[in-house]
Every structure is written in structure tokens, then in C-alpha cells.
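Shown next, in C-alpha cells, is the structure this report addresses.
Residue numbers begin at 1 in each chain, while the letters A, B, ... track the order of the sequences.
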There are 2 protein chains.
Amino acid sequence: MLAGLAGVAKTLGHPQRLEILEHLAQGERSVEAVAACVALSTANASQHLRLMRGAGLLTSWRDGKHILYGLSDPAVLNALAALSRVAERHSAEVREVIGSYLHVRDALEPVTRKELTRRLKGDLITVLDVRPADKYAAGHLPKAVNIPLRELARRLREIPRGGEIVAYCRGPYRVLAFEAVALLRTRGFKARRLKDGYPEWRAAGLPATSGTSPPASRHIQRAQ
Amino acid sequence: MLAGLAGVAKTLGHPQRLEILEHLAQGERSVEAVAACVALSTANASQHLRLMRGAGLLTSWRDGKHILYGLSDPAVLNALAALSRVAERHSAEVREVIGSYLHVRDALEPVTRKELTRRLKGDLITVLDVRPADKYAAGHLPKAVNIPLRELARRLREIPRGGEIVAYCRGPYRVLAFEAVALLRTRGFKARRLKDGYPEWRAAGLPATSGTSPPASRHIQRAQ
DNA sequence: CAATGATTCAATAGAGTCATTGAATGGAGA
DNA sequence: TCTCCATTCAATGACTCTATTGAATCATTG
């Protein structure tokens with residue numbers, strides 16, 4: 001039952017076979033032609049082709065002194081498309097995570113001070129301070145909860161799902177908030193970072209609070 | 001590029017991983033729960049789960065002291081469905097071919113002695129004796145050509161295309177003639193089997209010949 | 001802060017897969 | 001009927017994947 005399905009999948013699990021399939025999707029080819037297309041030895045191409053024929057992906061027939069292979073069914077292309085959609089989305093996530101660490105960090109659309117101020121009044125939003133506890137105690141955004149970045153992974157349950165999270169750290173080009181957002185997103189949270197850090201917030205004359213974070217805080221501070 | 005796609009496919013190429021996916025499609029589970037569902041050791045289940053998470057099929061998060069795994073994306077189910085459609089259609093074909101070998105053999109419409117006698121007088125027909133050469137020498141149907149089953153595949157060229165072929169062997173429920181007919185049909189011949197075997201033919205008092213087969217016979221004996 | 005226990009890591013043996021080589025097959029064309 | 005050659009087969013070594021074991025990790029829980 002599942003073995004047959006796994007067999008088909010396993011047959012697709014080889015880059016060169018996929019390449020062959022792409023070529024055959026454009027029309028039937030002889031073994032030799034396929035081998036030339038994908039730069040394989042004839043014997044090797046023959047083996048791949050026969051394997052795929054055995055899995056029901058291809059059919060073959062003779063034409064003169066050549067044996068032509070072709071897709072056995074349009075459903076094969078559907079399966080390929082479905083797989084590539086999964087792979088694509090996954091690799092997009094990978095790119096996003098990797099990128100958020102290295103390259104495209106600003107593509108994560110930071111939240112501006114102004115926007116945060118506005119949303120703090122109405123929306124369901126969690127403000128996350130990822131600085132060390134002492135910095136937090138010295139002063140932080142109103143209603144912010146403090147979870148230093150190093151502890152974030154193990155304290156995710158303290159963060160409410162469903163709402164959006166805005167993370168901030170020391171300044172506009174610091175990495176802590178980036179890392180936090182990347183981590184939270186991989187865990188399924190809706191997270192963004194504050195465009196600037198705490199110093200900028202203070203410099204803008206916006207309200208701030210001081211004091212320690214609620215101990216072993218299971219009580220999330222949440223706007224509204 | 002294709003490597004990522006192949007990676008996803010390869011990850012799906014294991015029956016137990018597919019089984020795990022089916023379970024997770026019904027809801028998130030902890031590693032232990034998955035292991036119990038599919039009868040695996042915890043460590044082994046953990047490895048499979050992590051592999052699939054790495055391929056982008058699953059996501060995981062902590063809940064209390066358990067780590068829950070779940071499908072990362074509905075597209076995963078689409079891909080599974082597409083694959084199973086391919087596998088299903090293929091297995092249907094396989095069933096049909098296998099069936100002609102094993103189950104539905106009598107659907108191959110055997111030729112009766114009477115019918116063969118009649119057609120030997122007029123039709124373009126080839127009588128094929130697939131018994132070993134010594135049996136053939138001891139006595140065979142008139143105008144029959146002897147090609148033992150084991151040699152049939154490599155001696156197909158000796159059989160004329162265009163006409164119908166009637167194969168027989170030792171008795172009504174012997175497999176040699178079945179196999180011969182199945183083989184000939186896959187190669188594009190019109191082939192049927194004699195309902196009974198040679199003994200029954202003799203017992204019915206019908207004509208028979210004896211002597212060895214024409215050596216390296218390229219001369220096909222053919223009625224009419 | 002220590003104990004607990006779920007999960008993961010590490011290492012291993014065994015099985016399976018891949019690509020290459022050289023030889024065999026068997027159908028087509030003359 | 002004979003020859004040619006596209007394709008397949010067979011066998012090998014390198015490599016990867018799988019399952020098992022036991023130990024390590026790490027977050028929760030009290």
C-alpha cells in the first residue's frame with residue numbers, strides 16, 4: 001500500500017532522474033538522446049530510465065532501431081509540480097531564515113515607533129524586549145516583556161500565540177531583535193522587529209517604564 | 001535547484017515516513033506518540049521526524065515536556081495525493097498485467113480442440129509447442145513448431161507476425177502455455193492457448209506427428 | 001536548584017543504491 | 001540470412017541510508 005507510494009517517491013528522489021523527466025516532459029526521446037541531454041553514460045541513462053519505467057513514471061516503445069521513452073501519464077507532471085511547490089515553499093523559508101541572519105534582514109519589515117505607539121492602544125500585540133535583564137530593569141518600553149535572546153527558545157510558551165509580536169533590542173542595527181524574529185517565525189509566531197532600539201525610543205521622548213521583569217513570568221504583558 | 005526537489009522526494013521515499021505523515025495529517029503528535037503509532041523505537045521515530053522537518057515537510061515546537069511535530073504546510077498533503085495518484089494508476093496497470101499471469105488466466109480465452117482443427121484447415125495460424133524438445137520429438141500436433149518456453153524470448157523472430165498463434169503444452173492446467181501466451185502478447189503477437197494439452201489431443205483421437213523440430217528452425221510451419 | 005524524563009546525539013553494522021565497466025542481447029536494415 | 005549497433009544486463013567498488021544501542025542534552029517540574 002504505502003510501499004508502492006514510497007517506491008514512486010524514492011524513484012523521484014534523484015536529481016538526474018528529475019532532469020530526465022523534465023526533458024521527457026517536452027517530448028519522447030531515445031536512450032541515447034536522453035544520455036546526451038543530461039550528460040550521462042548510455043548505460044547509466046538506461047538504468048535510470050528503466051527504473052522510472054518500473055515505477056510507472058515512463059513508458060517505452062520501439063521506433064526503428066531506437067527505443068523511445070516518454071511520460072506514462074500527465075499525472076506524473078502533476079506530482080512533480082506538487083512536489084516542487086513543497087520544495088519551493090520550504091526553500092523560500094530557508095532563504096528567509098538564512099537571509100534574515102545574513103543578507104535581507106531589512107526585508108522583514110520593521111515596525112516604526114509611530115506604528116507601534118498606535119497599535120499599542122488597540123491591537124492585540126506583545127512587545128518583546130530581548131536585551132539582558134539588567135538593561136531591561138534600567139528602563140524599557142511600556143508593557144514590554146523581557147526575555148533575553150539566549151533564553152528565548154526555551155521560554156517560547158510564555159509568549160501568546162495569535163497576537164503579533166514586536167521585538168526590540170538596543171539599537172537599530174543590532175542583531176538581537178533580528179535573531180528573535182527569525183526564531184519566532186520558525187516556530188509559527190507572527191513576529192516583527194521594532195525599527196529602532198530602546199535608545200531611539202527614549203530619544204524620541206516616548207513613554208518608558210523601569211523595573212524588573214515579572215519573576216518566572218507566566219503572566220504575559222499584553223497591550224489591551 | 002533540482003537537488004532540493006529530489007531531497008523532498010527522497011524524504012518521502014520511505015514507507016514508515018509516509019505512515020508518519022498520515023498520522024500527523026490528522027493532528028500534531030509528540031515524538032513518543034508517533035513512535036507508538038507506527039511501532040518504532042523512539043530514537044528511530046525522532047530521526048525520521050527530524051529528517052522530514054529538515055526537508056520542510058514538518059515543523060516542530062515544544063509543548064510542556066513534549067515536542068510536537070505537525071505538517072508544515074497543506075501543500076505537503078497535496079504532494080502526497082499527487083504521488084498516490086501516480087502510484088495508484090501504475091499499480092492498476094501492474095494488477096492488470098499480473099492478473100493476466102496469475103488470476104484471470106482463463107480470460108485469455110483458450111482455443112478448443114475443435115476450433116483449432118477447423119482453423120488449421122483455412123486460417124493463417126501458427127501452432128506453437130512450448131514443451132521440451134524431447135517431448136516434442138515423441139509426438140506433437142501436426143504442423144506445430146517447437147520452441148521450449150525458456151528459449152521463447154530469444155527466438156521470437158522465428159514466429160511470424162500477422163497470424164494468430166496457438167500455444168499448447170502438456171495438459172489443460174499447465175503453466176507453460178499461459179506463460180508463452182502472456183509473453184507473446186506483451187511483444188505484440190496475437191496469441192491464445194490451446195484449451196487442453198497434447199495428451200488430451202491424442203486421447204481425442206486427433207492426428208499427431210512425431211520427429212524432431214526443424215534444426216535451428218527458421219522455417220515456420222504454418223497452416224495454409 | 002536538583003531531579004526527572006522526553007528527546008536527541010553518536011556510533012555501529014548491515015542493507016541498499018549509484019556509477020562504471022565490459023559483455024550479451026536481439027531487433028532492424030540490407 | 002547476415003551484419004550492425006542501440007540497448008540492456010551483470011558485476012564491481014564506493015557511497016549512502018537504515019535501525020539499533022546506549023549515552024548525553026536540556027527544559028520542565030516540584
Spacing of [atom1] belonging to [X] relative to [atom2] belonging to [Y], to within rounding of 0.5 Å:
X: B:Leu83; Y: B:Leu18; atom1: CG; atom2: CG; result: 8.0 Å
X: B:Leu21; Y: B:Leu58; atom1: CG; atom2: CG; result: 5.5 Å
X: B:Leu57; Y: B:Leu71; atom1: CG; atom2: CG; result: 8.5 Å
X: B:Leu116; Y: B:Leu141; atom1: CG; atom2: CG; result: 6.5 Å

Residues 24-31 of chain B, side-chain donor-acceptor partners within the protein, below 3.5 Å, at least two apart:
{"from": "B:Ser30", "atom 1": "OG", "to": "B:Ala33", "atom 2": "N", "distance (Å)": "3.2"}

Rounded interatomic separation in angstrom, taking [atom1] from [X] and [atom2] from [N]:
X: A:Lys65; N: C:dG27; atom1: NZ; atom2: C1'; result: 9 Å
X: A:Leu40; N: C:dT17; atom1: CG; atom2: P; result: 19 Å
X: A:Ile147; N: D:dA27; atom1: CD1; atom2: C1'; result: 14 Å
X: A:Asp63; N: C:dA28; atom1: CG; atom2: C1'; result: 11 Å
X: A:Lys10; N: C:dT17; atom1: NZ; atom2: C1'; result: 9 Å

As a check of understanding: the bend across the helix from C:dC1-D:dG30 to C:dA30-D:dT1, end axes from five pairs, rounded to 10 degrees, works out to 50°
Enumerate the residue pairs fulfilling ring-ring contact (aromatic ring centres under 6.0 Å, His included) with a member in residues 65-87 of chain B, sequence neighbours excluded, ordered by first and then second residue. none
Please identify each residue that fulfils side chain to side chain donor-acceptor pair (under 3.5 Å) with A:Ser60, with sequence neighbours left out. A:Arg53
Residues forming a salt bridge (Lys or Arg N to Asp or Glu O under 4.0 Å) with A:Arg17, sequence neighbours excluded: none
Results of side chain to side chain contact (heavy atoms under 4.5 Å, CB included) for A:Lys135 - residues two or more places apart only: A:Arg131, A:Pro132
For A:Arg62, side chain to side chain contact (heavy atoms under 4.5 Å, CB included) partners two or more places apart: A:Ile67
Sorted by chain and residue number, the ring-ring contact (aromatic ring centres under 6.0 Å, His included) partners of B:His14 (sequence neighbours excluded) come out as B:His48
Short side-chain N/O contact from B:Tyr69 to OP1 or OP2 of C:dA6, under 4.0 Å: no
Give a yes/no on whether any side-chain N or O of B:His66 is located under 4.0 angstrom from OP1 or OP2 of C:dT7. yes
On DNA chain C, does the nearest nucleotide to A:Gly13 precede the nearest nucleotide to A:Arg62 from the 5' side, or the other way round? Give the residue. A:Gly13
Near DNA chain D, counting only heavy atoms under 4.0 Å, which residues of residues 41-53 of chain B show up? B:Ala43, B:Asn44, B:Gln47, B:His48
From C:dC18, D:dA6, C:dT8, nucleotide with atom closest to B:Ile67 side chain: C:dT8
Looking at DNA chain C, which of residues 16-31 of chain B put a heavy atom within less than 4.0 Å of it? B:Ser30, B:Val31
